[in-house]
Amino acid sequence: MSLSLIVIVVVITALIFDFTNGFHDTANAMATSIATGALRPKVAVAVAGVLNLVGAFLSVEVAKTISSGIIDESRITPVVIFAGLVGAIVWNLVTWLVGMPSSSSHALFGGLIGASLVAAGVGAVNFGTVLTKVIIPAAISPVLAGLVALIGTWIGYRATARADRGTVTKGFRTGQIVSSSMVALAHGTNDAQKTMGVITLTLITAGVLAPNSGPPLWVIASAGLAIALGTYLGGWRIIRTLGKRVSAIESPQGFAAESASTAVILASSHLGFALSTTQVCSGAIFGAGAGRRLAGVRWGIAGQMAIAWVLTLPAAGIVGAVAAWVASSGTVGTIVVAVVGVAVAAGIYAISRRRPVTAENVNDVPAPHPVEPPVRLAA
Amino acid sequence: MHIAWGALGTVALVSLVAGVAVIALVAFALVGLSARNQPVTVGRRGMSPATGTAVAGLCLAAAALIVGYGLYVIVA
């Protein structure tokens with residue numbers, strides 16, 4: 001396979017990953033706004049899509065590395081990047097199907113680590129960096145966001161306890177429009193950058209771009225459009241999980257969760273910690289749920305989410321490793337991986353159509369604590 | 001392997017203070033706005049609609065400052 005063809009394949013695959021990243025993460029900014037009625041579902045995803053696009057152009061912090069030093073980038077080829085992206089896409093689709101908000105960044109890291117291990121050996125992966133850049137932030141950030149949201153929610157309810165209910169609910173709903181927009185914007189500046197970094201580095205290794213050059217305009221525009229389009233389509237399954245299945249979220253809680261998420265994301269990215277927007281926002285929603293009523297949170301969902309988070313990196317890694325092993329065998333292998341990848345994606349889409357979750361039915365979920373009918377003893 | 005515990009602590013402190021401050025300020029602003037519709041008692045005294053509006057304006061302005069700084073951090 002000629003060099004330029006694999007480069008084109010990597011660029012397309014990276015844009016597909018960016019697209020899945022978009023619809024996987026719509027829920028981060030918009031789940032609680034949709035759940036509380038602050039924004040109508042279609043309006044919410046449109047706002048999030050536009051702000052992701054704006055965010056892609058806004059950030060001057062150009063992504064110069066794919067992996068923040070997790071992988072020795074001098075030792076990986078476009079085929080490895082392709083295999084890693086396939087692993088990340090497959091895991092993103094599987095978690096979307098079951099409605100689990102897992103980290104797209106962890107899926108990308110996992111896929112790349114798995115592919116690098118197979119193609120370039122253990123030495124190509126910096127496991128110390130995996131611990132400091134991935135595992136420690138992943139453990140701390142959701143708890144921190146949850147704590148901020150919990151305290152904020154508690155204060156919010158205490159302070160407004162004797163105030164006019166209507167004014168408070170309406171006021172916090174209006175606030176949610178601002179706070180969810182901030183999350184969407186912060187997301188655009190972070191996540192679109194990752195795909196730009198992948199494409200740019202691929203172009204540099206292929207000799208199309210000079211070393212150390214920034215992403216060309218078409219890369220910024222296409223990455224921004226891919227993530228915005230994905231966001232606009234809306235990952236309704238994940239929005240339902242975060243907005244309705246975790247807890248019955250009211251507008252003060254939605255505002256507290258989004259404000260806490262924004263504060264944590266901005267503070268840590270300002271100080272150079274890469275963290276998962278998804279995990280921060282999920283943690284904040286649990287905190288906001290617990291801040292009103294501890295028993296109002298379905299902690300079982302938290303357990304499922306934690307399992308999905310722990311599995312994300314290794315699962316995407318295994319898919320990435322298998323893809324790298326097959327793709328490394330040559331042109332035929334790369335085509336096989338592409339065909340199998342498309343088939344898996346089509347299969348997952350077909351399964352999702354059996355019980356579709358859309359803008360129309362996203363909020364139709366039984367309440368977290370339905371009133372149990374009284375048990376009647378049989379005579 | 002180096003873990004920057006100091007920076008982590010700063011992140012925790014800054015996000016705790018900023019996040020809780022925004023939520024509290026908006027909550028106080030809404031208490032103020034409520035005074036325009038119904039009498040709200042603060043301590044032993046009631047809050048007049050005019051005072052309520054002023055409190056709301058001040059709190060919202062302070063919250064807007066924090067949000068504005070957040071936007072500045074995103075753009076810069």
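First the proteins, then the strands, lettered A, B, ... as listed; each starts at 1.
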Problem set entry | A:Thr153 vs B:Ile23 side-chain heavy atoms within contact, under 4.5 Å | no

Problem set entry | Heavy-atom contact with chain B under 4.5 Å, split by part of A:Ile140 | side chain

Problem set entry | Distance (rounded to the nearest 0.5 Å) between B:Leu16 CG and A:Leu144 CG | 7.0 Å

For this session: Against chain B, label A:Tyr157 side chain, backbone, both or neither, depending on which of its atoms sit under 4.5 Å from a heavy atom there.
Result: neither

Problem set entry | Whether B:Ser15 side chain and A:Val264 backbone form a donor-acceptor pair below 3.5 Å | no

Problem set entry | Region of B:Ile66 in contact with chain A, defined by heavy-atom distances below 4.5 Å | neither

Exercise. Shortest non-hydrogen contact from B:Leu30 to A:Thr167?
Worked result: CD2-O, 3.9 Å

Exercise. So, for B:Ser34 and A:Val168, which heavy atoms are closest and what is the spacing to 0.1 Å?
Worked result: OG-CG2, 4.3 Å

Problem set entry | Exercise: identify the closest heavy-atom pair between B:Phe28 and A:Ala159 | CE2-CB, 3.6 Å

Exercise. Chain B heavy atoms under 4.5 Å from A:Leu266: which part of the residue, side chain, backbone, both or neither?
Worked result: both

Exercise. Of the non-hydrogen atoms in B:Val14 and A:Ala267, which two are nearest, and what is the gap between them?
Worked result: CG1-CB, 4.1 Å

Problem set entry | B:Val67, part contacting chain A, at a heavy-atom distance under 4.5 Å | both

Exercise. With side chains defined as the heavy atoms from C-beta onward, is the minimum distance between A:Met182 and B:Leu71 less than 4.5 Å?
Worked result: yes

